[in-house]
Amino acid sequence: MIVDLAKVSPEGDRFIGQEPPGAMDLSSEESVEIREGLRYDLTVQVLGDELLARGRVELDLACRCSRCAEFFATSVFDGHFDLIRELPEKDRLIDLTEDLREAIVLGFPSYPLCSDNCKGLCAQCGVNLNNQSCQCKPVEDDRWNGLQDFTLE
Ligand SMILES: [Zn+2]
Ligand SMILES: [Zn+2]
């Protein structure tokens, strides 16, 4: 998103739009897939020698579930995007793309789940338990069995 200072009125202006999907480099994020562009709805104002931008940024994306490893559609948004940028002396164009990108990356879930009830993958045969069941027996956790020997006599 590039703001042309010549087009910003002193009272502030509303910028509503969408970045092209390729505008943000998120290739380092392995658990997300970007198919849509980032949407923004910002009020931009110039106060003295500073640019103020605040509003909402939102991105539809696909996230890889931490349990079953399937991609699922979700969206990340920052409803309180708030930026103050010192104005450069000469440039008339201010690029906010990187700031928008940062706001979105901060909103990525650290432990994405396709659903709270996601059953995940079978630890033994690897099938996705959301789609099918398997015949594996649950591994018994026998670490606690020894404790029974310590009962008081
Ligand atoms: Zn899942
Ligand atoms: Zn299994």
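- Taking the side chain as every heavy atom from C-beta outward, L38 and T97 never approach each other to under 4.5 Å.
- Contact between P21 and I34 at its shortest, heavy atoms only, is O-CG2, 4.1 Å.
- One finds the CG atom of L83 at 7.0 Å from the CG atom of L51 (value rounded to the nearest 0.5 Å).
- Scanning all heavy atoms of the two residues, the minimum distance from L87 to I94 falls at CD2-CD1, 3.8 Å.
- The two residues G79 and R56 make their nearest non-hydrogen contact at CA-CG, 4.2 Å.
- Cluster membership check: M1 shares its hydrophobic cluster with V46, using side-chain heavy-atom separations under 4.5 Å among Ile, Leu, Val, Met, Phe, Trp and Tyr.
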When you look at R39 and D60, which way does the side chain to side chain contact (heavy atoms under 4.5 Å, CB included) test go after all the steps?
CA-CA 9 Å; R39 295 189 297 275; D60 291 331; 3.1 Å; yes
Side chain to side chain contact (heavy atoms under 4.5 Å, CB included) for V3 and L42? Distances and angles first, verdict last.
CA-CA 11 Å; V3 175; L42 300 174; over 6 Å; no
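- Under the 4.5 Å side-chain heavy-atom criterion for Ile, Leu, Val, Met, Phe, Trp and Tyr, L113 and V32 are members of distinct hydrophobic clusters.
- Between E98 atom CD and L96 atom CG the span is 11.0 Å, to the nearest 0.5 Å.
- Using a 4.5 Å heavy-atom threshold, the side chains of D4 and R92 count as touching.
- In the hydrophobic clustering of ILVMFWY residues, with side-chain heavy atoms under 4.5 Å counting as a link, F71 and L129 come out apart.
- The distance from the CG atom of L59 to the CD atom of Q18 is 9.0 Å, given to the nearest 0.5 Å.
- S66 places a side-chain N or O within 3.5 Å of a backbone atom of P112 that can act as its donor or acceptor partner.
- Hydrophobic clustering keeps L61 apart from F77 (ILVMFWY residues linked when any side-chain heavy atoms are closer than 4.5 Å, directly or through intermediates).
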What verdict does the side chain to side chain contact (heavy atoms under 4.5 Å, CB included) test give for E70 and C114, after you've listed the backbone C-alpha separation in whole Å, the side-chain angles of each residue and the deciding distance to 0.1 Å?
CA-CA 8 Å; E70 296 285 331; C114 62; 5.9 Å; no
Let's go through L106 and D78 carefully: what are the C-alpha distance in whole Å and the side-chain angles of both, what is the deciding distance for side chain to side chain contact (heavy atoms under 4.5 Å, CB included) to 0.1 Å, and is it a yes or a no?
CA-CA 9 Å; L106 285 176; D78 179 355; over 6 Å; no
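- Put simply, V44 and L5 are part of the same group of oily side chains (I, L, V, M, F, W, Y) that touch within less than 4.5 Å, one to the next.
- The main-chain N or O of K119 is found under 3.5 Å from a side-chain atom of N130 such that the two form a donor-acceptor pair.
- Across all their heavy atoms, S9 and D13 have their closest contact at N-OD2, 2.6 Å.
- Put simply, the side chain of Q124 gets close to the backbone of K137: a donor and an acceptor are under 3.5 Å apart.
- In terms of heavy-atom proximity, F81 sits nearest to A103 at CD1-CB, 3.7 Å.
- Around CZ of R85, the count of heavy atoms belonging to other residues, nucleotides or ligands within 6.0 Å exceeds 12.
- Considering CD1 of I84 and CG of L52, their distance stands at 5.0 Å, rounded to 0.5 Å.
- Other residues, nucleotides and ligands place more than 12 heavy atoms under 6.0 Å from the CD atom of Q132.
- Smallest separation of non-hydrogen atoms from Y40 and F15: CD1-O, 3.5 Å.
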